[in-house]
Participant: 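Pasting a structure here, questions to come.
Below, chain A is the first sequence line, B the second, and so on; all start at residue 1.
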Amino acid sequence: MLKRVLIANRGEIAVRVIRACRELGIETVAVYSEADHDSLHVRLADKAVCIGPAQATRSYLNTGSLIGAAMYVKADGIHPGYGFLAENADFSDECVDAGIKFVGPTGKSIRQMADKAVARTMAAEAGVPTVPGSDGKAVDVAELAAVADEIGYPVLIKAAAGGGGRGMMLAENPDQLSQNAMTAQAEAQAAFGDSSIYLEKYIGNARHVEVQVLGDGKGGVIHVGERDCSMQRRHQKIVEEGPCPVITRNLRNGLHEAAVALSASVDYEGAGTVEFLVDLDAKAFYFIEMNTRIQVEHPVTEVLTGVDLVREQLLIAGGEGMSLKQKDVKLRGHAIECRVNAEDGARNFMPSPGTLVEYIAPGGPGVRVDSHCYAGYTVPPYYDSMIAKIIVWAPDRTEAIDRMRTALAGYVIDGIPSTIPFHLALLDTDAFRKSKFNTQWLEKNIEDVMPQESMTA
Amino acid sequence: MLKRVLIANRGEIAVRVIRACRELGIETVAVYSEADHDSLHVRLADKAVCIGPAQATRSYLNTGSLIGAAMYVKADGIHPGYGFLAENADFSDECVDAGIKFVGPTGKSIRQMADKAVARTMAAEAGVPTVPGSDGKAVDVAELAAVADEIGYPVLIKAAAGGGGRGMMLAENPDQLSQNAMTAQAEAQAAFGDSSIYLEKYIGNARHVEVQVLGDGKGGVIHVGERDCSMQRRHQKIVEEGPCPVITRNLRNGLHEAAVALSASVDYEGAGTVEFLVDLDAKAFYFIEMNTRIQVEHPVTEVLTGVDLVREQLLIAGGEGMSLKQKDVKLRGHAIECRVNAEDGARNFMPSPGTLVEYIAPGGPGVRVDSHCYAGYTVPPYYDSMIAKIIVWAPDRTEAIDRMRTALAGYVIDGIPSTIPFHLALLDTDAFRKSKFNTQWLEKNIEDVMPQESMTA
Amino acid sequence: MIIRSEKRAERGRAVSLTYEDVQEILKIIDQSSTKEIHIEVDDFKLIVRKHGADGAPAVTTTATPPAPAPASSAPAPAEPEPAQAAQDTSKTEAPSATAQSLNSPLAGTFYRAPSPGADPFVEEGAKVSTGDTVCILDVMKVMNTLKAPCDGVVLSIPVENAEAVSAGQPVMWFEPK
Amino acid sequence: MIIRSEKRAERGRAVSLTYEDVQEILKIIDQSSTKEIHIEVDDFKLIVRKHGADGAPAVTTTATPPAPAPASSAPAPAEPEPAQAAQDTSKTEAPSATAQSLNSPLAGTFYRAPSPGADPFVEEGAKVSTGDTVCILDVMKVMNTLKAPCDGVVLSIPVENAEAVSAGQPVMWFEPK
């Protein structure tokens with residue numbers, strides 16, 4: 001068992017990890033930037049270390065300060081949370097070098113999954129279908145048309161060094177392909193310093209469905225069900241839910257088996273998520289990528305199954321191994337998560353850092369709140385805009401939606417705008433109620449969900 | 001379906017009922033005394049009515065104001081919560097007279113269960129064992145010895161008009177019996193204006209186990225599992241949990257069946273709780289009483305089963321009937337509730353009303369908080385001292401205790417003393433950890449759990 | 001922009017009430033055992049004390065039913081409502097230069113008698129000795145007995161039975177012997 | 001009585017650290033790609049900037065290991081730590097009577113260049129026209145371009161690249177043409 005864990009993160013996930021550690025009797029060391037002195041994770045931890053100024057590059061991303069701090073407090077483990085250094089293979093290796101257990105997969109696993117071409121190859125070897133295309137490999141402009149003809153239009157041109165939707169361009173025919181390829185290369189060069197591009201078949205009518213896995217690092221892997229994260233805006237997940245309400249039992253089983261097969265083939269250690277596109281027209285699924293960390297939306301899985309994923313991460317990292325087997329994973333009811341952000345939904349989601357003059361979180365049956373915020377807390381402008389995650393559970397999806405509406409409507413946040421009004425509007429759309437949407441629906445219908453005020457520059 | 005419900009209560013249970021109503025699309029009307037203007041239930045309700053001054057007798061217990069308010073706002077239902085008028089049979093009848101649905105059992109049911117002799121007789125008729133004694137019937141002082149000889153010493157002398165442990169005296173032999181009987185009569189006369197007493201066998205080594213039931217009012221009754229509330233101080237429940245960790249499957253089934261049999265025999269309507277004493281030595285159980293209302297500790301059952309008991313109350317009252325059958329009730333894991341009160345555990349639980357200067361409730365996986373409090377709220381001195389109920393769920397009892405410890409330790413309450421330090425100390429006792437205690441353990445060991453500071457009068 | 005919960009006005013359906021409705025409410029209440037009615041919501045206020053309740057001499061009604069009902073048809077207020085909660089100076093000022101006060105140590109509810117039906121501990125004019133129990137303060141259902149601070153005579157009791165009192169508020173005045 | 005969470009001092013085990021431990025930490029860090037170290041906990045403070053990092057001329061160390069290690073064995077501070085967060089007046093005062101400032105509209109992180117490796121938008125002395133993009137303000141990962149407020153010359157840039165700025169703080173000064 002780990003004895004003392006440094007949490008290399010901030011915000012709600014730092015609070016989440018501290019709680020899991022304390023339940024296991026593991027001492028906790030928080031780190032914080034000068035801007036986060038008053039954050040809840042600093043207060044809840046057994047010890048807290050200031051690791052630099054507000055800028056993340058000089059604090060939460062500063063591997064030297066983090067490893068130095070861990071050595072100074074004699075921590076035997078580092079939990080990276082999500083974001084920041086969570087998928088930094090070098091940081092995972094540096095922890096090993098410093099004799100500190102990195103709570104997550106090995107640097108090697110992180111690298112394999114970070115390289116799209118390698119990840120696709122490994123998926124294919126594990127028998128997991130991938131989106132038809134150039135298999136993540138860079139394509140010469142001269143070869144483009146040939147590859148596109150082979151996989152069929154429309155196609156997506158993607159930057160090899162890109163991610164999160166940046167540097168993507170659509171081409172519906174050979175003319176568009178030749179036009180957009182040059183632009184894509186130039187943009188990739190400007191954005192990532194690397195002009196390599198690759199091709200993928202474009203799947204227009206799809207859901208984003210991801211499978212939660214836990215691996216023991218020795219080939220033993222279980223899945224903990226799937227989450228549907230198709231409600232997205234600018235490739236950011238807005239609402240997550242589980243189970244996916246639009247797939248058949250066969251497709252669901254296929255997803256689960258594929259995720260386990262891929263993870264087992266790389267002796268995956270810890271919590272991970274295998275992301276898929278589910279083609280609603282073809283009733284087929286394709287591997288997109290694997291996230292080698294705990295995810296923002298992990299509570300959806302936790303309230304559905306009763307499995308504490310962060311606890312399992314810590315047990316695996318500490319050598320106890322995971323506490324459950326596949327047969328112990330039992331799903332019940334329906335879960336939905338809304339990310340409440342300090343953003344003004346009516347003004348193009350403009351960030352709205354500032355002080356929470358009044359703050360009363362919802363509670364009661366089936367309502368879970370993961371947050372680092374409290375009355376009087378100032379949301380700083382330097383990091384992401386998340387105020388809280390609200391996760392509701394109910395016996396069925398309709399009740400879960402009604403419960404989420406009630407929780408959001410009773411959430412008192414005064415002092416700064418939040419995305420609560422937007423979420424309330426979104427939950428009431430026919431598309432969401434009936435689950436008739438795909439990954440592009442929100443982007444196309446955002447004006448109908450919540451009319452945007454014209455911005456005065 | 002009810003359309004508009006007036007909640008004739010305050011504090012966390014008013015908040016709880018408002019949330020359940022909103023999830024069902026029922027409009028809510030809060031009532032409040034002049035001392036509760038800033039309470040959360042006033043804020044969350046669709047409409048709020050001031051029903052008088054701080055004193056409960058002139059506001060929350062004032063049936064005229066409550067029914068008048070319900071008529072004024074054209075409410076079609078009144079939910080009484082717990083305490084105040086929840087078990088007032090006349091109020092239930094007055095609601096009927098005013099054409100308003102009382103969310104709870106009929107006046108007749110309430111009266112039957114409020115009269116101990118009647119309740120015992122009905123239990124016996126339903127085949128439910130009761131504590132040997134004078135069957136709740138008043139006993140002449142002359143008959144005392146005969147009854148005591150019949151049931152065996154030690155015996156308890158109880159005031160017929162008493163309740164909650166008030167007016168009880170123990171007698172271990174005939175001498176004590178004749179001495180204490182007079183005192184008990186005199187005290188009963190002073191306290192309740194009624195000197196009637198009755199006798200019951202004294203069961204020293206017992207657990208308090210209660211079964212949650214739901215009835216449709218037409219003889220259809222299901223149970224929703226049991227709760228163990230044996231950790232008591234001055235007959236007040238301090239910690240509740242479920243399932244009861246010390247009974248066999250056979251005994252558990254017996255309790256469930258007995259509770260259903262009794263409730264069905266009176267065509268019970270709504271949510272109710274059948275309370276039993278489980279004799280740890282004799283491995284037997286005895287009916288004590290039935291509470292004809294939703295109880296403080298109902299969330300223990302909710303997190304174990306996923307059943308929303310207040311929702312079911314509203315569905316039953318609205319004519320839809322309960323939404324589940326006995327076979328749908330499935331228990332998972334273990335649940336514990338701690339009542340966090342504005343009392344100073346180290347100073348003989350002296351009440352500590354006042355302003356919550358700082359208030360940050362716990363959250364995260366498996367933690368539910370039911371509360372009407374928030375940062376800046378002033379806990380008034382006029383009502384009960386509850387700040388919040390924390391309910392935790394975990395796959396097993398040990399994890400649930402660790403989770404509760406973490407939740408309590410991370411609960412920030414600044415400005416007034418609370419019972420959190422006491423609860424933390426209690427959770428760490430060997431007796432609680434191993435569940436080796438009976439209903440009298442806490443009373444006898446309270447100095448060991450938390451040494452009391454000497455009071456300066 | 002401020003987000004609280006949704007605005008109340010947008011949620012609750014407007015209640016449209018006629019004078020007859022108010023009469024109906026009064027009738028129902030009149031048949032109940034209630035001695036006093038207090039209903040305040042939006043711009044509607046109805047306060048009634050029945051004859052004989054808590055020493056109030058007559059029925060006093062203040063009601064302003066909203067729109068449809070004409071204001072003139074509401075029963076005319078016979079008396080201002082008792083300002084129970086307000087602390088006027090008559091309650092905190094010493095009744096004599098030498099008077100000694102017993103102040104409530106905590107906020108709570110003041111009771112003059114040991115139980116609802118019982119006689120008060122003391123009346124005005126009663127002789128007391130230091131330490132005599134003279135009243136009860138109920139703080140969150142815990143009953144605290146308050147004692148006479150001196151030997152002397154009860155001069156005045158500025159607080160009603162079952163009234164809410166704040167910490168430090170004088171609940172009794174004594175003329176020391 | 002005040003209850004927060006349990007007191008920190010009662011929970012974390014005391015860390016006992018020797019000078020050798022600190023040396024070990026420094027060695028590990030030295031092998032990493034990190035340019036700067038900042039560790040502050042209890043009464044221990046270690047701030048190191050490697051040669052060449054962000055224009056800092058030399059390694060500067062401030063370390064006070066707690067008890068067992070003798071205070072004298074700690075490396076002597078060579079330079080005060082850069083007071084990055086503090087706003088001295090040189091940062092807010094106008095460099096000339098006619099200078100015009102560009103103030104940050106929101107709190108955020110100030111960037112002089114469009115991307116990490118790229119050249120800055122402008123250097124001191126550069127000529128600008130009204131509306132030219134001169135820097136970026138990162139507010140919660142949303143990049144906002146800030147524009148020159150006048151035609152003229154960049155007089156001074158009182159804020160470091162990637163520095164945190166508050167709302168209203170001048171980030172650039174211009175001499176209007």
Side-chain angles (χ1 to χ4, degrees), chain A residues 12 15-16 18-25 40 43-44 298-299 302-303 306-311 323-324 328 330 332-333 356 358-377 388-389 391-395 399-407 409-410 412, chain B residues 12 15-16 18-25 40 43-44 298-299 302-303 306-311 323-324 328 330 332-333 356 358-377 388-389 391-395 399-407 409-410 412:
Chain A
E12 69 85 17
V15 170
R16 170 76 185 85
I18 289 168
R19 285 178 177 145
C21 287
R22 296 205 79 183
E23 289 179 21
L24 283 167
L40 191 56
R43 197 155 174 172
L44 292 181
H298 76 274
E302 294 185 325
V303 303
V307 175
D308 183 333
L309 294 169
V310 178
R311 181 187 184 93
S323 73
L324 72 166
D328 301 321
K330 290 187 183 120
R332 181 158 86 170
L356 299 164
E358 201 168 20
Y359 180 88
I360 313 177
V367 175
R368 167 175 169 186
V369 180
D370 277 35
S371 178
H372 59 299
C373 291
Y374 54 88
Y377 175 70
K389 303 185 307 204
I391 307 97
V392 300
W393 177 92
E399 283 183 44
I401 295 174
D402 291 338
R403 183 160 278 174
M404 181 63 91
R405 277 205 100 277
T406 301
V412 180
Chain B
E12 70 86 16
V15 170
R16 170 75 184 86
I18 289 169
R19 285 177 176 145
C21 287
R22 296 204 80 184
E23 289 180 19
L24 283 167
L40 192 55
R43 199 156 172 171
L44 291 181
H298 76 275
E302 294 184 325
V303 302
V307 176
D308 182 332
L309 293 169
V310 178
R311 182 187 184 92
S323 72
L324 72 168
D328 302 321
K330 289 187 184 121
R332 179 159 87 169
L356 299 165
E358 203 168 18
Y359 181 87
I360 312 178
V367 175
R368 168 175 167 184
V369 180
D370 276 36
S371 177
H372 60 298
C373 290
Y374 54 87
Y377 176 70
K389 304 185 307 205
I391 306 98
V392 299
W393 178 92
E399 282 183 45
I401 295 174
D402 292 338
R403 183 160 277 173
M404 181 63 90
R405 275 205 102 280
T406 301
V412 180

Participant: Checking A/Arg19 against chain B: side chain, backbone, both or neither under 4.5 Å from a heavy atom?
Facilitator: both
Participant: Taking only residues two or more places apart in sequence, or in another chain, which ones meet A/Arg311 in a side chain to side chain contact (heavy atoms under 4.5 Å, CB included)?
Facilitator: A/Glu23, A/Leu24, A/Asp308, A/Leu315, B/Glu399
Participant: So which part of A/Val15 gets closer than 4.5 Å to some heavy atom of chain B, the side chain, the backbone, both or neither?
Facilitator: neither
Participant: Go through the atoms of A/Arg368 and report whether side chain, backbone, both or neither lie under 4.5 Å from a heavy atom of chain B.
Facilitator: side chain
Participant: Can you tell which part of B/Leu324 gets under 4.5 Å to a heavy atom of chain A, answering side chain, backbone, both or neither?
Facilitator: neither
Participant: Can you name the ring pair (Phe, Tyr, Trp, His ring centres under 6.0 Å) partners of A/Tyr374, sequence neighbours left out?
Facilitator: A/Tyr377
Participant: Let me know if A/Ile401 has heavy atoms under 4.5 Å from chain B in its side chain, its backbone, both or neither.
Facilitator: neither
Participant: Counting only heavy atoms closer than 4.5 Å, note whether A/Pro299 contacts chain B via side chain, backbone, both or neither.
Facilitator: neither
Participant: With side chains defined as the heavy atoms from C-beta onward, is the minimum distance between B/Ile391 and B/Glu302 less than 4.5 Å?
Facilitator: no
Participant: Identify the two heavy atoms, one from A/Ser371 and one from A/Tyr359, that lie closest to each other, and give their separation to 0.1 Å.
Facilitator: OG-OH, 3.3 Å
Participant: So which heavy atom on A/Asp370 is nearest to which on B/Gly364, and how close?
Facilitator: OD1-CA, 3.2 Å
Participant: Could you check if a side-chain atom of B/His298 sits within less than 4.5 angstrom of a side-chain atom of B/Val310, using non-hydrogen atoms only?
Facilitator: yes
Participant: Among the options A/Met404, A/Arg16, A/Glu12, A/Lys389, pick out the one with the most heavy-atom pairs lying under 4.5 Å from chain B.
Facilitator: A/Arg16
